[in-house]
Amino acid sequence: MLDDVRAAIRDVPDFPKPGIVFKDITPVLSDGRLFRKVIDALVERWRDEGISKVVGIESRGFCFAAPLSYALGIGLTIVRKPGKLPWRTIREAYALEYGENVLELHEDALQPGERVLVVDDVLATGGTADAVGRLVERQGAQIVAYAFLAELRFLGGASRLGADRVHALVRY
Ligand code: AMP
């Protein structure tokens, strides 16, 4: 059903560095029919799950998290790279292949007991989404699931996050 979305996602070899095959989702964004199809599929999947907040991961995650939260009629919270959020923040660091990254969330972004859906474009190793999960849980909120446009299964991210909580529209 989403074969046309899968076909539109473009492989870019050796970006951002040699050996990485980057999944470029911009052709999906720029095709109004495909973009709507993706958002409709997310809405269909999550509308009856009692989600109270969508958490979008900077930056491509915002492209999917924002229309989804709008369509569900619930709030959007954004996780950002360090130094971007203006209010007081909590932060989590996570390891990359070389070095580490940090992500931040406003300290009052979520209420205890909230039911959260974490949204990003691509699941690779799961390190990014896992760090976001820790930020969410530090605020006493509950992760209902992690939703992605695409999952790179061979990198094992789903087992890191808990496979039953991972949902992707297309898989590689
Ligand atoms: P990871 O933490 O390894 O799961 O990486 C996930 C984050 O990095 C997401 O925000 C993705 O946008 C990005 N990412 C990692 N690998 C790729 C890839 N091969 N193609 C596109 N985006 C990727």
Side-chain angles (χ1 to χ4, degrees), residues 2-31 34-35 37-39 41-42 45-46 51 53-69 76-85 89-106 109-110 116-138 143-172:
L2 290 164
D3 287 352
D4 46 1
V5 173
R6 193 177 198 282
I9 296 173
R10 175 166 54 194
D11 281 357
V12 183
D14 299 320
F15 181 89
K17 54 187 175 187
I20 305 287
V21 179
F22 194 85
K23 295 293 182 190
D24 176 16
I25 55 90
T26 61
V28 176
L29 298 178
S30 65
D31 181 320
L34 293 182
F35 190 27
K37 191 170 184 177
V38 162
I39 300 304
L42 289 170
R45 176 62 185 81
W46 300 109
I51 308 291
K53 196 66 66 69
V54 175
V55 170
I57 306 178
E58 182 167 0
S59 56
R60 289 179 301 276
F62 296 167
C63 302
F64 303 98
L68 175 61
S69 64
L76 170 67
T77 285
I78 54 176
V79 169
R80 298 210 60 182
K81 291 162 187 163
K84 300 287 188 186
L85 287 169
T89 60
I90 60 171
R91 51 169 41 209
E92 283 284 339
Y94 60 100
L96 295 175
E97 202 175 348
Y98 301 103
E100 67 166 32
N101 258 2
V102 172
L103 288 171
E104 293 184 341
L105 179 64
H106 273 158
L110 299 167
V116 165
L117 180 69
V118 175
V119 175
D120 203 359
D121 65 332
V122 173
L123 172 63
T125 66
T128 307
D130 190 42
V132 173
R134 293 198 300 276
L135 287 169
V136 169
E137 284 170 352
R138 278 172 63 187
I143 307 258
V144 175
Y146 299 86
F148 304 91
L149 173 58
E151 175 188 0
L152 308 180
R153 294 192 99 167
F154 52 93
L155 292 176
S159 54
R160 181 169 182 172
L161 301 174
D164 54 334
R165 295 197 300 181
V166 171
H167 183 266
L169 295 177
V170 300
R171 297 194 161 89
Y172 299 90

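Counting starts at 1 for both ligands and their atoms, following the listed order.
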At under 4.0 Å between heavy atoms, which part of [X] makes contact with ligand 1: side chain, backbone, both or neither?
X: Thr125; result: both
X: Leu152; result: side chain
X: Thr128; result: both

Please say whether [X] places an N or O atom under 3.5 Å from an N or O atom belonging to ligand 1.
X: Tyr94; value: no
X: Leu123; value: no
X: Gly126; value: yes

* To do: Using a strict 4.0 Å cut-off to heavy atoms of Arg60, name the atoms of ligand 1 that fall inside it.
  => 11 (C), 12 (O), 13 (C), 22 (N)
* Asked: Has Arg6 got its NZ or CZ under 6.0 Å from the middle of the six-membered ring of Tyr172, at an angle within 45 degrees of the ring axis?
  -> yes
* Asked: Picking from Leu85, Ile57, Val54, what satisfies side chain to side chain contact (heavy atoms under 4.5 Å, CB included) with Ile78?
  -> Leu85
What protein heavy atom sits nearest [atom], and how far away is it?
atom: atom 10 (O) of ligand 1; answer: Asp120 OD2, 2.7 Å
atom: atom 17 (C) of ligand 1; answer: Val122 CG1, 4.2 Å
atom: atom 22 (N) of ligand 1; answer: Phe22 CE1, 3.4 Å
atom: atom 20 (N) of ligand 1; answer: Lys23 N, 2.8 Å

Please round to the nearest 0.5 Å and tell me the distance separating atom [atom1] of [X] and atom [atom2] of [Y].
X: Leu123; Y: Leu152; atom1: CG; atom2: CG; answer: 7.0 Å
X: Ile9; Y: Asp4; atom1: CD1; atom2: CG; answer: 10.5 Å
X: Leu68; Y: Phe62; atom1: CG; atom2: CZ; answer: 14.5 Å
X: Leu149; Y: Ile39; atom1: CG; atom2: CD1; answer: 8.5 Å

* To do: Decide yes or no for Val5 and Leu169: does some side-chain heavy atom of the first lie under 4.5 Å from some side-chain heavy atom of the second?
  => no
* Close side-chain approach of Val116 and Tyr146, heavy atoms under 4.5 Å -> no
* **Heavy-atom nearest neighbour of atom 15 (C) of ligand 1 within options Gly127, Ala150, Ala124** => Ala124
* Structure fact -> The option among Val21, Ile57, Val12 carrying the non-hydrogen atom nearest to atom 19 (N) of ligand 1 is Val21
* Are the side chain of Glu92 and the backbone N or O of Ala131 linked by a donor-acceptor pair below 3.5 Å? -> no
* To do: Compute the minimum heavy-atom distance from Asp121 to ligand 1 and say whether it is under 4.0 Å.
  => yes
* **NZ/NE/NH1/NH2 to OD/OE distance under 4.0 Å, Glu104 and Arg91** => yes
* Test item: protein heavy atom less than 4.0 Å from atom 8 (O) of ligand 1 -> no
